Amino acid sequence: MAVQNHARDAQNLLRSRLCNPSFVFKALSGSPDSNYSKLKFILSSSVTEACNNSLLLLGPRGSGKTAVLELVLNDLLEEYPDMISVIRLNGLLHNDDNCAFKEISRQLCVEHHLLFSKMASFDDNSQFLIAMLRECGLAHKTIVFVLEEFDLFAQGKQRLLYSLLDAMQSITSQAAVIGISCRLDADQLLEKRVAAAHLTIANGLNSSKRLCYSIQYKARAVSSIDVKSGYPSLDNFKTALSSFRRQPKQECIKDCSILELYILACIRRLESKEQKSYNFNSVMKEYKSIHDQFQTSDDYARNVCLRAFERLLQRDLICFSDNRGQGQSVEFRPVKCLISHFELQEGIKAYRSCPVSCFLHYGFCYSGISLLAGVS
Amino acid sequence: MGKEESPQAARRTTRSSCAAASNGEVGRSTFTPLHNPTVSDLAFGGEPLSSEDLRSGFPARRPQILELVHLLGPPSSPMLPLFVYGGASTGKTTVILQVFRHLNRPFVYASCRTCYSPRILFESILNQLLLHRKNEASGYSSAKRCEKPSDFVNFLREDVGKVVDSLKDRSGKRKSNKSRKWPKGDILYLIIDNLELVREWDKSSSLLPFLFNLYDILKLPNFALIFVSSSSPDTYYSSMGYIEPIPVFFPEYTEEDLRQLLIRNQANQKLYSCFLDIVLRPFSRVTRRLDELSTVFSSLFQKYCEPLSDTSSFPNDEMKRRLFSHFRPYISPALNEIFWGPSQCLSGIESGKVTRQRGSIRKHEDNEDFTEIGFHMSTAAKYLLISAFLASRNPATLDASLFDSTGGSDNRKRKRKASEKSMEQKETVEQESLMKGPGTFPLERLLAIFQCITSVIDVSIDEEEHGDGFSTDGGNSSWLMSNVLSQLSSLCDANFIAKGGSCPLEGSTRYRCTISEDFALKVARSIKFALPNYLCRR
């Protein structure tokens, strides 16, 4: 019993560590060459030497950019209490300039215990921002702006970026702007006037590239630990691995009914006949021709086939190739197949007792037709 | 699905006790709310469910239930986002809700089918978090107005913090009576259902990345996210990336599973399993969805049991053969009408029986064995519909020859042997017609054809049809026009005529007739109009 409790506690600990991004990257912060130390140096210089800095962190998703930044900021907040205030913006949420300025004002008000008015206009908010920057500069407080999903801020007119960087240059202020982005060419997205207010680029976050996926994998394995034994077993890791090696299209095909597979086979045959575009009517024609030729037992009426066709659309195995049609009904809109011939073949082979495989090749005459008649 | 409906009903009763006595309507006094919502309402409520009940309730879903329970983990342990996906009616929502009932964790559930816009989705989630119920006193408004994702994130941070505090608060006091009903753990789970519908929303290109990144944006330790969707995660294309959630797959039921599931809750299981022996295999070749199969089987089973006087008896071999021979004629028509309502299928078979000639069952070719259209249309509407069909079907250049003074009924061309080239041309034209669908026509062409047709109709119509106000002398043309135009708009509403694209030069809208040839023939037959003479045969 005690073993189980310990195992459970261990499992809990592992889970909480895996779900906490800052823990994962703490280990990497040791060496002096790491991104952590570079960031820390730049930011602390802007705090202590009262200079303005702007910085862009680039790297693929899951490589720990935000996590490392949070670690640096936490450490700096401990070292220099009351001298730093952090404003966090996200490109997904604050894409709109109005929204962004409102959010900046709101966070500034929360930091400095001021009353925030929701009705403030855009101009009010921007003037408030400039005033705050000036005041904080005079009081030797640094404001750090963290802009996540920076590339989304760089869409449109880039008004926010321009005003921020401009304000930093023109008045007595101590501020740092840190942009975080997954697009490695985010700096090329900037307009000239914004790029003129220079940005230094910290680009070296490739070391921990696909860490996120390995974390997920470990989380999966940890979750299936059998508490009785108290240790993760090889089976746990194997099941976790198999969940990452899914083949979604194959799963989809396995889930289809036989009539749906017939329709897919008809589409395949139409493609092999080099028909550039086809719709439900042409598929029905092909379907009927198969049944005339081979006398199978799966001859269904048109509306049943139409429903099966719609199911295939829902499963995303086929899709319409025109944009929203022009009021055409489902039977006439052209479709295209979203699954390759090879995948279809593999899927049908793996499907048990499916008579469709012999129809996949146009012109191929299957001699054992009598087998099919007896299947149903 | 009867068996799976009762747990849903149980979920509803937890909160409906609040709605039953409305919280103080204006003008009515002495109404106190029966039940003040507390944080314990965030759990499933109702009777607790043991793990054996959970597993036996879903016989075909044991591996998935196990996977989910493992991933959710012990109470108060954090979790990365999950993505549960599988075909329709594979039990995803039900299984998840029952797992939460079994584990007794607090959760917030929002479905993108009932919350059909971002604002409604955000407000519904916030209402649940704030334990706010919409009532008449406040005009059915939400607790907070929230349209933008940024506001949603801010509110969520506050509200989740409050909820977690109150969860932690009460879990300290364990000796209270209500501890059995109190949700376990201090992690709040957010379940977003029917995620595939979000792809069709207007703002889906920004909303989907936002939802997938929500866990990273919030960075709340006591918050977990579960997505439920009927399409797999790789079909969610987005220009922005996101860390993929952990996928959990619900495969479709196999034939044995279907058999097990369909037999449950049946009064006479042995009789039903004999029935399933006959029908399950052929019907599962068409569809494997449980909801469709159960609808069809329920009506067929009644048909199957007809000759039995006592439906609770166990059939022996001889009885089985008798039942099978009685039932067999119904199988293949039912296969072709599998997606229609059960009453239509059976009534069609009944009428087929009535018109049986020489002992042969009538074949249901097109699943409409009525020779009439099933509803009433005025004569003007019928003529208009036929004109629209002709306008869509025939190319405009042939109008002059078809509708000339001879009425277009005689075949002017001499029959010539078709040459190779013309056969090929015919085939390509036919191919095009299959692909293109009905053509578009402007309003003027429709009215012209309409006038041509109606000018040669037979004068001897019954008085009943005269009562439709249909004037045959063509005298008062302006009156005829107004009637026709109003008929046209009602045909458009009935989707018999659709608006096609508009001509860029003229700017007038063009119409398209969407009825099938069979239907047009039926309509023509009902007014004794020789439609095939006017169809341009290719």
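In what follows, chains carry the letters A, B, and so on, assigned in the order in which the sequence lines appear, proteins first and then strands, with residues in each chain numbered from 1. Predicted, not measured: the structure shown is a model, and the values here were computed from it.
At a 4.5 Å heavy-atom cutoff, the contact between B:Y215 and chain A is made by side-chain atoms alone. Proximity to chain B (any heavy atom under 4.5 Å) is shown, for A:L13, by neither the backbone nor the side chain. Heavy-atom distances place the side chain of A:T66, and not its backbone, under 4.5 Å from chain B. Looking at B:P233, only its side chain comes within 4.5 Å of chain A, counting heavy atoms on both sides. Only the backbone of B:S284 comes within contact range of chain A, judged by heavy atoms closer than 4.5 Å. Contact of B:N213 with chain A is made through the side chain alone, with heavy-atom distances under 4.5 Å. In this structure, no portion of B:L66 lies under 4.5 Å from any heavy atom of chain A.
With chain A as the partner, the residue from B:N154, B:N495, B:D216, B:L72 showing the most heavy-atom pairs under 4.5 Å is B:N154. For the options A:D255, A:N95, A:L92, heavy-atom pairs under 4.5 Å to chain B are most numerous at A:D255. Chain B forms the most heavy-atom pairs under 4.5 Å with one residue out of A:R106, A:K102, A:R88, and that residue is A:R106. With respect to chain B, the highest number of heavy-atom pairs below 4.5 Å among A:S16, A:C252, A:C182 belongs to A:S16.
Contact check on A:K288 versus A:D299 returns a salt bridge, with a Lys/Arg side-chain nitrogen under 4.0 Å from an Asp/Glu carboxylate oxygen. Ion pairing between A:E148 and B:K219 holds under the 4.0 Å rule for side-chain N and carboxylate O. Using a cutoff of 4.0 Å between basic side-chain nitrogens and carboxylate oxygens, A:E260 and A:R315 are scored as salt-bridged.
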- Task: Determine, stepwise, if the pair A:D151 / A:S181 fulfils side chain to side chain donor-acceptor pair (under 3.5 Å).
- Result: CA-CA 6 Å; A:D151 45 302; A:S181 172; 2.9 Å; yes
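Separation of the A:Y300 and A:Y262 ring centroids does not fall under the 6.0 Å cut-off. Between B:Y85 and B:F249, a ring centre-to-centre spacing shorter than 6.0 Å is recorded.
Under the rule for a side-chain contact (heavy atoms from CB on, under 4.5 Å), the partners of A:E343 that lie at least two apart in sequence or sit in another chain are A:K249, A:Q250, A:I339, A:S340.
With rounding to the nearest 0.5 angstrom, the OG atom of B:S205 is 14.0 Å from the CZ atom of B:R199.
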